[in-house]
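Structure first, then comments.
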There are 2 protein chains.
Amino acid sequence: MNTETSISTEEAILVAARKVFESKGFDGARMQEISDRAGINRALLHYYFRSKDKMFERIFDEALERFMPLLSTWDQDPDESWELKLKRFISTFITFLKANSMLFLLREIIRKPELLTSRSKKYRKGLNKFVLYFERLKQERQIRSDVDSKHIYIIMHSLCSFPLMNAIVFSYSLRISTKEYDELMAGYPEIVSNLLIQMLKHQNN
Amino acid sequence: MNTETSISTEEAILVAARKVFESKGFDGARMQEISDRAGINRALLHYYFRSKDKMFERIFDEALERFMPLLSTWDQDPDESWELKLKRFISTFITFLKANSMLFLLREIIRKPELLTSRSKKYRKGLNKFVLYFERLKQERQIRSDVDSKHIYIIMHSLCSFPLMNAIVFSYSLRISTKEYDELMAGYPEIVSNLLIQMLKHQNN
DNA sequence: TTTACTTTTAACAAGATTGTTAAAACACTA
DNA sequence: TAGTGTTTTAACAATCTTGTTAAAAGTAAA
């Protein structure tokens, strides 16, 4: 067994598959394109992963495994102020989303919702931490009590995810190049943080 | 020429095609599924629309034609306050998005960016109206001048679009049913409006 | 070098999918 | 009803796509 060679071949396939599945989606992806990109014979894809479905699930799971823990890393540093926690989270989240295509996950989950419901059970509890944390802040009168924590969750995620998913359309609409759009987004995490903090703070006036 | 029959057949095909293309995407859509849904022979699809590509373009264009004018209806009622204008726009926009799948457009534009760049030229100028309007408000000192109008645009669209596109994932994450999610979203347009108005108003403290 | 095992390839098979076509069914008018 | 043009269908053809397989090439140890 030549472990050296087989790992590098498998890895080359995974890299190629990730790229193709992410850009074309499951339905648009072709086994031929993946093997071409990996520089190997198409039959090898089946030798290593049996079928297109199995290979896709491997890629999808890896993407989910990268994504989900991020959503659960919420209640570390219990001494940290909620403002700082929010800032830190938003900044990390947006950086992460730049590198990892959220659209890929969303597109495939909508195609086949079982991908989410059957494969992320172990993370589902963690997802609730955010809402519970903000419920507690409200009870402790640290933030306004007339906002729904679920709405905060939705607003925060929308502000973080959509501008990166929709970059093509936004840069077209705003009549700027994608490079200029990137520059525009440089200051964006700061703006989102401040907006949310402003929204949650007790009103002084 | 039996106009009556042929219009209703063509219309039945378009209704079916819209449904299938929107839920499966171009790559996942099957001509057979469309004709089954329309209750006609598959060859008729080609009789009326020549090819899958042509049929798709018809559906895509119709979706774009429904969507784009909405983004351009901005500078009506010049007497109206900007707050009211914003509220009215957000409310209309969210209602519209509930009925018309934004995800469909986004998915296909990312698959083939020419769909956007070659087919929406006539609307591109209108898209800029929003940014220009807010630039003017800033010069007139009606709103804070330290916010980027492009950021306002991005934030507003993200808050309106993403919660509807991502409904499956959000309701799963929040551990509520899709029905409960709909109820949660009932008060959402109001919240988005207030958030944006709060963000744009001059700070009193 | 021979042997046993793993990796890779070329060729093939099966089925799915789009698109074409000739003829049947239909609708309307003379 | 006969004739003309339109609409619809069944059958077919061509191509694409996934998946299989038998054999070749490679590797490492006895």
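Fair warning: this is a prediction, and the values are worked out from it, not measured in the lab. All heavy atoms count here, side chains included; hydrogens, waters and symmetry mates do not. Chain letters run A, B, ... following the sequence lines, proteins first, then strands; residues in each count from 1.
Ion pairing of B:Glu135 with B:Lys138 is present here, as a side-chain N (NZ or NE/NH1/NH2) and a carboxylate O approach within less than 4.0 Å. Ion pairing between A:Glu183 and A:Lys179 holds under the 4.0 Å rule for side-chain N and carboxylate O. The existence of a salt bridge linking A:Asp61 and A:Arg119 is confirmed by a sub-4.0 Å separation between a basic side-chain nitrogen and an acidic carboxylate oxygen.
Taking side-chain N and O atoms only, B:Tyr47 has no distance below 4.0 Å to OP1 or OP2 of C:dG19. Proximity of A:Thr9 to the phosphate of C:dT7: no side-chain N or O atom is located under 4.0 Å from OP1 or OP2.
Panel note: side chain B:Glu108, backbone B:Leu105; no donor-acceptor pair is recorded below 3.5 Å. Between the side chain of B:Lys121 and the main chain of B:Leu116, no donor-acceptor pair closer than 3.5 Å is present.
To the nearest angstrom, C1' of C:dT8 lies 9 Å from CD1 of A:Ile40. With rounding to whole Å, A:Ile13 atom CD1 is found 11 Å from C:dT8 atom C1'. One interatomic measurement links the two molecules: CG of B:Leu44 to C1' of D:dA10, which rounds to 12 Å at whole-angstrom precision. A straight line from CG of A:Asn41 to P of D:dA23 spans 17 Å, rounded to a whole angstrom. The distance between atom CG of A:Leu45 and atom P of C:dT9, rounded to the nearest whole Å, is 11 Å. At whole-Å resolution of the value, CD in A:Glu10 and P in C:dT6 are 15 Å apart.
At least one cation-pi condition fails for B:Arg111 and B:Phe21: the charged atom is not both under 6.0 angstrom from the six-membered ring centre and inside a 45 degree cone around its axis.
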Q.
So if I define the base as every atom that isn't primed, P, OP1 or OP2, how would nucleotides 16-22 of chain D read as a B/S/- string at a heavy-atom cutoff under 4.0 Å?
A. -SBBBB-
